Amino acid sequence: MTDKHSIDATFAQVILGMAGAAGARTAFGLPGVQNLSFWAANVSDLPPIVTVRHEQTTVYAADGWARATGGLGLALTTTGPGAANAVAAFGEAASCGSPVLLVASEVATRHHGTDARVLHQSRDQAGLFRPLAKAVFTPRTATEVLPATTAAIATALAHPRGPVYLDVPVDLLTAAALPGSAVAPAIEPLPIPDVSHVADALRAAGRVAIWAGGGVVAGDAEGSLRALAERIGAPVVTTWAGRGLLAGHPLLVDAPVHEPEVAKVLATADLLLVVGSAFDGMATKNGAASLPAVRAAINADPTHLGAASTPDLAVTGDAGSALTALLDADLGVHESWAGDVSALRTTLATRLAADTRTAEAAEFLASVESVLGLETVVVCDMAVAGYWAGGYLRSRRPRALQYPVGWGTLGYALPAAVGAGAAGPTLAVCGDGGLMFGVGELATLAQEQAPVTVLVVDDGGYGMLRFDQDRAGAEHRGVDLPTPDLVALAHAFGVPAVRVDDVGEPLRVALTTALASGGPRLVTVRAALYPPRTTSPRWHE
């Protein structure tokens, strides 16, 4: 620790320093009367705090930062309603295994266990987070604060990663920290797993396919995944969290598993090796996808193994160490068996462009793909445009795409882009409905002059729900919404904006200009895209 963390440093200051040392180069917070000490402590050698406009954004932004960088995301909220406002975003981080530390203030220690009913007091503030958090820490004495912070950081970053909640009473946040009590967190690796049964199954199988998820990204195991796929000639499909793995590799099936071309490849495999994936319902069509009956699975979280494999082929371990162990095993001799799987993307793109229902979406994807640099992070919302971008944009690299399919939190993209934008150039893909959940964060983008372009595909309401009602032959109720003048709205926040009338060349030009500006921009286009096959109403077509 630096000399700023001496005896005259407050606990708020030391907590910031500890999180920064663990990778939280930026914090995202909203000040209140009981956590204002974080801002008072925000000196030059500590992580800068991006002050956002809603507490939900503190965690969404920290999540966006964590997904974009692989580092610790740090969120700061005040007591009571401030903490409660962050719960939905915390749930999304939990569903997707993001290493986020939420530090909330609590009422002064003298009020705990009383019915004092002081400002913002909750009966059990931490209890809001217990069902969602990887762990909850509630230090209540000066000697407990920094050990709890150390443990909270280590817990968030250890595999399987996940969000951690820490609350500290206001009188402790402002108190002088105890000298020498800040200890760097030690991240304990998972033990090297026994993969012998999986190796035996791979050796015996003639046609192996690999299903790679976010655990491969979290474990920095792309190199081992590539080596294994090449060793056994296995085509590789990725989940949304795994998008970007093996970009451009001839064994990558760069398309969603829901499309028939991809389903055909998987259905003809003898064995499916599932690595680092929860094998969730959205990816497997709630278990209805045509997949090999024999499946082996590797996951750092043992609760994610049940649906993916039989117990004798389930391995608890992080993707990096498990794949390395497999590469050290005798896997036999395999030839590539699935043909030119990289060509499936071209086949799929041609079919989507030829289908009158999806032709506009195909043109939209082509426009967006054409403007993306390697470093640009795409953050998708739960909107029809986001479904297309999240599942169908060409893979570029790990951590270059974020999609909140874990919990399905509408309104994710703009606030998460605040976090991703703190790390580098970002494109947020929103619908007009989801944008309104966090539209105030346009002020944050202007305040930070963040390199974030917000793309709003405006279909006049909740397009996916409208599609559901149309399918059911029902009247439109609750789904058609008046859209404000988004260009004027962005200008009111100090964000330059433009409206285009076509998802083709006009959109491409507008996005090119916006992303090249290096600052906040908004681009809106009116379009009613037909949903992709990754959405549940189209699973069984």
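Since the structure is predicted, the reported quantities are computational estimates derived from the model, not experimental observations. These values consider heavy atoms only, across backbone and side chains, with no hydrogens, waters or symmetry-generated copies.
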Quiz question: by atom type and distance under 3.5 Å, do the side chains of [X] and [Y] form a donor-acceptor pair?
{"X": "Glu259", "Y": "Tyr392", "value": "yes"}
{"X": "Thr57", "Y": "Glu441", "value": "yes"}
{"X": "Tyr412", "Y": "Gln402", "value": "yes"}

Exactly one candidate in Thr409, Val418, Val100, Val379 meets side chain to side chain contact (heavy atoms under 4.5 Å, CB included) with Tyr60; the answer is Thr409
Please name the residue in the list Val237, Ile210, Thr238, Leu245 that meets the side chain to side chain contact (heavy atoms under 4.5 Å, CB included) test with Leu252.
Thr238
Over 60° means perpendicular and under 30° means parallel, so classify the ring planes of His258 and Trp240, tilted if in between.
tilted
If the plane angle is over 60° it's perpendicular, under 30° parallel, otherwise tilted; pick one for Phe90 and Tyr165.
perpendicular
Under 4.0 Å between a Lys/Arg side-chain N and an Asp/Glu carboxylate O for [X] and [Y]?
{"X": "Asp468", "Y": "Arg471", "answer": "no"}
{"X": "Glu261", "Y": "Arg351", "answer": "yes"}
{"X": "Arg67", "Y": "Glu92", "answer": "yes"}

Donor-acceptor pair, side chain of [X] and main chain of [Y], under 3.5 angstrom:
{"X": "Thr535", "Y": "Pro537", "answer": "no"}
{"X": "Arg295", "Y": "Ala308", "answer": "yes"}
{"X": "Asp459", "Y": "Ala527", "answer": "no"}
{"X": "Arg394", "Y": "Glu369", "answer": "no"}
{"X": "Trp539", "Y": "Thr534", "answer": "yes"}
{"X": "Lys134", "Y": "Ala158", "answer": "yes"}
{"X": "Trp388", "Y": "Tyr530", "answer": "yes"}

For the side chain to side chain donor-acceptor pair (under 3.5 Å) test, which of Arg226, Glu222, Glu230 pairs with His249?
Glu230
Contact summary for [X] and [Y], nearest pair of heavy atoms:
{"X": "Ala307", "Y": "Phe279", "result": "O-CD2, 3.4 Å"}
{"X": "Val315", "Y": "Pro193", "result": "CG1-CB, 3.4 Å"}
{"X": "Leu74", "Y": "Ala19", "result": "CD2-CB, 3.7 Å"}
{"X": "Pro398", "Y": "Gly244", "result": "CD-O, 3.3 Å"}
{"X": "Pro250", "Y": "Val341", "result": "O-CG2, 3.2 Å"}
{"X": "Val217", "Y": "Arg399", "result": "O-NH2, 3.6 Å"}

Could you check whether atom [atom1] of [X] has more than 12 heavy atoms from other residues, nucleotides or ligands sitting under 6.0 Å from it?
{"X": "His197", "atom1": "NE2", "value": "no"}
{"X": "Ile192", "atom1": "CD1", "value": "no"}
{"X": "Glu541", "atom1": "CD", "value": "yes"}

Any side-chain heavy-atom pair from [X] and [Y] closer than 4.5 angstrom?
{"X": "Leu102", "Y": "Thr77", "answer": "yes"}
{"X": "Asp270", "Y": "Pro292", "answer": "no"}
{"X": "His159", "Y": "Pro189", "answer": "no"}
{"X": "Ser277", "Y": "Thr239", "answer": "yes"}
{"X": "Leu507", "Y": "Phe364", "answer": "yes"}
{"X": "His334", "Y": "Arg207", "answer": "no"}
{"X": "Leu157", "Y": "Leu72", "answer": "yes"}

Partner residues of Phe437 under the ring pair (Phe, Tyr, Trp, His ring centres under 6.0 Å) criterion, sequence neighbours left out:
none
Is there a side-chain contact (heavy atoms from CB on, under 4.5 Å) between Leu101 and Val103? Walk through the geometry before answering.
CA-CA 6 Å; Leu101 174 62; Val103 184; 3.8 Å; yes
Could you give the distance from CG (Leu344) to OG (Ser342), rounded to the nearest 0.5 Å?
8.0 Å
